[in-house]
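Comments concern the structure below.
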Amino acid sequence: DAMVIQNPRYQVTQFGKPVTLSCSQTLNHNVMYWYQQKSSQAPKLLFHYYDKDFNNEADTPDNFQSRRPNTSFCFLDIRSPGLGDAAMYLCATSPRGVYGYTFGSGTRLTVV
Amino acid sequence: GDSVTQMEGPVTLSEEAFLTINCTYTATGYPSLFWYVQYPGEGLQLLLKATKADDKGSNKGFEATYRKETTSFHLEKGSVQVSDSAVYFCALSLSNFGNEKLTFGTGTRLTIIP
């Protein structure tokens with residue numbers, strides 16, 4: 001089945017130690033998104049790629065970076081994780097626009 | 001800015017009860033409206049959507065009507081089942097080409113007891 005896969009499902013990292021979360025898709029969608037979902041809060045868009053064009057939300061901290069080496073893969077890099085970065089990170093894709101959004105199962109990040 | 005306000009949870013109902021989860025929005029234009037559901041350990045799944053005023057979205061017995069006059073998109077189901085236990089998110093998008101951002105509410109946790 002075509003899908004969006006996030007690895008790993010659970011990630012524990014040390015305070016200040018760089019960490020990378022990955023997302024892959026078999027849907028061949030143009031757009032890939034990263035959302036951050038803190039406990040009991042709404043998912044919040046960090047950034048998205050339209051093909052290779054990177055679009056950063058104005059309030060996304062500089063500590064968060066992203067790479068999209070090809071259509072299928074997208075990575076979220078957190079350069080120096082703080083305790084406040086502990087959250088569920090959701091990857092999503094869409095062909096174009098909001099009507100074909102497909103979410104991955106998420107990666108739950110714990111910072112110790 | 002654009003925002004979505006959802007009914008506070010958690011909500012606990014008995015099986016076969018009637019469900020309403022309230023959702024209101026604030027937007028500068030004419031948004032599309034969505035309900036997403038998140039089952040334990042899984043990602044978000046689209047439940048239903050409405051793209052213009054007075055549209056009714058429906059799926060799996062759930063319904064929601066886009067009410068422009070009250071800026072609302074309340075989710076309803078006539079008879080809930082244990083399998084409906086999940087977190088429900090209301091969301092909007094002012095989809096413009098190149099900006100397909102979803103703005104979510106904080107979610108409502110629903111638990112159905114047998």
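Each chain gets a letter, A, B and so on, in the order the sequences are listed, and its residues count up from 1.
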Salt bridge or not for A/Lys44 and A/Glu57, using N-O below 4.0 Å? no

Aromatic ring centroids of B/Phe34 and A/Tyr101 under 6.0 Å? no

Side chain / backbone / both / neither for A/Gln37 at chain B, heavy atoms under 4.5 Å: side chain

Side chain, backbone, both or neither: which part of B/Gln38 has a non-hydrogen atom closer than 4.5 Å to chain A? side chain

Looking just at side-chain N and O atoms, do A/Ser105 and A/Gln6 make a donor-acceptor pair shorter than 3.5 Å? no

Here the pair of heavy atoms bringing B/Met7 nearest to B/Thr20 is SD-O, 3.5 Å

Given that the side chain runs from C-beta out, which part of A/Arg108 has a heavy atom under 4.5 Å from chain B: side chain, backbone, both or neither? neither

